[in-house]
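Throughout, residue positions are numbered sequentially from 1 according to the sequence presented.
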Amino acid sequence: MSHPLFETGFYGRLRQQAGTQWHDYVRHNFVQQLGQGTLPPAAFCHYLTQDYLFLLHFARAWGLLISKLSEPAALRSATASLNAIISELPLHLAYCQQWGISEEAVASEPEAMETINYTRYVLDVGHTGDALALMTALMPCVAGYAEIGLRLLDDPATCFEGNPYAAWIENYGDKSYLTGVGSSLLLFETLAQQRAGEQRINSLSEIFTTATRLEAAFWQMGLNHADGLRGSS
């Protein structure tokens with residue numbers, strides 16, 4: 001899918017340099033099955049639970065980013081993103097309940113290794129690097145989900161009628177979500193112009209691609225969980 005929102009600026013450069021890793025993420029089999037409505041419910045429910053746990057750490061990462069910023073416009077942008085995540089948490093729990101997953105069940109669920117690997121990597125980048133490095137680790141999730149949502153919405157092969165995952169797809173192609181993504185991309189571009197000299201390209205590209213790989217592993221986690229349940233039955 002071609003979309004200028006994702007192909008321009010410093011983000012577009014890092015996305016392109018991620019190469020096949022990016023393709024493996026945004027076109028992962030988990031995503032394809034979401035669009036076709038064929039994803040095993042067990043895979044989706046496991047993903048949903050882990051995604052809530054992921055969001056808690058993601059919020060911490062945005063809070064850490066805010067502590068690394070000083071310009072008012074940057075602070076407003078990052079704070080708006082953090083507030084959006086905090087506001088999403090109860091909505092996420094309500095969505096889990098629609099799938100028969102209680103808040104108590106979510107709270108008692110241990111973090112999967114894929115969740116630990118991804119979230120701790122992002123936080124480690126944030127604690128050891130500057131604001132640009134941390135945003136580089138955050139952006140594959142922020143903008144990648146928007147790209148996935150838009151691609152599924154535009155793909156004629158996507159099934160909406162009778163698809164239990166239609167609401168999920170529509171959420172990540174929603175205009176309000178895309179507005180937030182656009183704001184994050186603008187902040188990222190501003191930080192890159194200020195701090196991303198050519199001497200940093202390789203290290204930032206490595207961070208971006210690593211986060212992309214961890215995103216793909218997060219999808220695979222759901223499929224592996226469903227396969228494990230089938231294997232034990």
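Leu186 is not connected to Phe188 by any chain of hydrophobic side-chain contacts under 4.5 Å among Ile, Leu, Val, Met, Phe, Trp and Tyr, and they are in different clusters. Under the 4.5 Å side-chain heavy-atom criterion for Ile, Leu, Val, Met, Phe, Trp and Tyr, Phe218 and Ile116 are members of distinct hydrophobic clusters. The hydrophobic cluster containing Phe30 also contains Leu53, counting ILVMFWY residues as joined when their side-chain heavy atoms lie under 4.5 angstrom apart, directly or transitively. Hydrophobic clustering of Ile, Leu, Val, Met, Phe, Trp and Tyr side chains at less than 4.5 Å, counting indirect connections, keeps Ile207 apart from Leu123.
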Could you go step by step and tell me if Phe10 and Ile201 meet the side-chain contact (heavy atoms from CB on, under 4.5 Å) rule?
-> CA-CA 10 Å; Phe10 191 64; Ile201 296 301; 3.4 Å; yes
Determine, step by step, whether Asp155 and Arg27 satisfy the salt bridge (charged side-chain N to carboxylate O under 4.0 Å, His left out) criterion, reporting the C-alpha distance in whole Å, the side-chain angles of both residues, the deciding distance to 0.1 Å, and the verdict.
-> CA-CA 12 Å; Asp155 189 346; Arg27 295 183 179 271; 5.7 Å; no
Might you work through the side-chain contact (heavy atoms from CB on, under 4.5 Å) test for Glu147 and Arg15, ending with a clear yes or no?
-> CA-CA 11 Å; Glu147 179 176 339; Arg15 175 180 173 274; 2.9 Å; yes
Run the side-chain contact (heavy atoms from CB on, under 4.5 Å) check on Leu185 and Val142 step by step: do they pass?
-> CA-CA 9 Å; Leu185 284 168; Val142 173; over 6 Å; no
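Checked against the 6.0 Å centroid criterion, the rings of Trp99 and Tyr165 qualify as a close aromatic pair. The aromatic ring centres of Trp168 and Tyr95 sit 6.0 Å or more apart.
At distances below 3.5 Å, not a single donor-acceptor pair connects side-chain atoms of Asn171 with backbone N or O atoms of Ala167. No side-chain donor-acceptor contact under 3.5 Å links Thr38 to the backbone of Leu34. Although no hydrogens or angles enter the test, the distance criterion places no donor-acceptor pair under 3.5 Å between the side chain of Tyr25 and the main chain of Ala217. Of the possible donor and acceptor atoms, none in the side chain of Glu103 sits under 3.5 Å from a partner among the backbone N and O of Ala94. Remark: side-chain polar atoms of Lys68 are not paired, donor with acceptor, to backbone N or O of Leu132 under 3.5 angstrom. For the pair Thr209 (side chain) and Glu206 (backbone), a donor-acceptor distance under 3.5 Å is absent. A donor-acceptor pair under 3.5 Å is formed between the side chain of Thr179 and the backbone N or O of Lys175.
Between Ala42 and Leu229, the shortest heavy-atom distance links the atoms CB-CD1, 3.6 Å. Ala59 and Leu82 get closest at one heavy-atom pair: O-CD1, 3.3 Å. Taking each heavy atom of Gly173 and Leu178 in turn, the nearest pair found is O-CD1, 3.7 Å. Closest of all the heavy-atom pairs between Val26 and Gly144 is CG1-O, 4.4 Å. Considering all non-hydrogen atoms of both residues, Glu215 and Cys141 come closest at OE2-CB, 3.0 Å. Counting all heavy atoms, side chain and backbone alike, Leu93 lies closest to Tyr52 at CG-CE1, 3.5 Å.
For the pair Gln17 and Ser205, the minimum side-chain heavy-atom distance is below 4.5 Å. Residues Thr158 and Arg151 have side chains not in contact (no heavy-atom distance under 4.5 Å, counting atoms from C-beta outward). The shortest distance between side-chain heavy atoms of Ile148 and Ile169 does not fall below 4.5 Å. Between Val181 and Tyr177 the shortest side-chain heavy-atom distance falls below 4.5 Å. Between Val125 and Thr210 there is no side-chain heavy-atom pair separated by less than 4.5 Å. The closest side-chain heavy-atom distance from Met221 to Thr115 is below 4.5 Å. Side-chain atoms of Val122 and His57, non-hydrogen and from C-beta on, never get closer than 4.5 Å to each other. Residues Pro40 and Gln33 are in side-chain contact: their nearest non-hydrogen atoms beyond the backbone lie under 4.5 Å apart.
One distance of note links CE of Met135 with OG of Ser77; it measures 6.5 Å at 0.5 Å rounding. In this structure, Thr119 OG1 and Leu214 CG are separated by 9.5 Å, a value rounded to the nearest 0.5 Å. Taking CG from Leu75 and OG from Ser67, the interatomic distance works out to 10.0 Å, rounded to the nearest 0.5 Å. Of the inter-residue distances, the one linking Asn117 atom CG with Glu111 atom CD reads 10.5 Å to the nearest 0.5 angstrom. Note: Asn224 CG to Glu114 CD = 7.0 Å, rounded to the nearest 0.5 Å. In this structure, the separation between CG on Leu187 and OG on Ser81 is 7.5 Å, given to the nearest 0.5 Å.
Each of Phe58, Phe54, Trp219 was scored for a ring pair (Phe, Tyr, Trp, His ring centres under 6.0 Å) with Tyr145, with one residue passing: Trp219.
In summary, Arg76 and Glu71 do not engage in a salt bridge, as defined by a charged side-chain N under 4.0 Å from a carboxylate O. Between Arg195 and Glu189 there is no salt bridge, since no side-chain N of the basic residue sits under 4.0 Å from a carboxylate O of the acidic one.
More than 12 heavy-atom neighbours from other residues, nucleotides or ligands sit within 6.0 angstrom of CD on Gln97. Counting non-hydrogen atoms of neighbouring residues, nucleotides and ligands closer than 6.0 angstrom, the CD atom of Gln193 exceeds 12 such neighbours. More than 12 heavy atoms of other residues, nucleotides or ligands sit less than 6.0 Å from atom CD of Gln194.
Pairs of residues two or more places apart, or lying in two chains, that qualify as ring pair (Phe, Tyr, Trp, His ring centres under 6.0 Å) and include a residue from residues 189-212 are Tyr11-Phe208, Trp22-Phe208.
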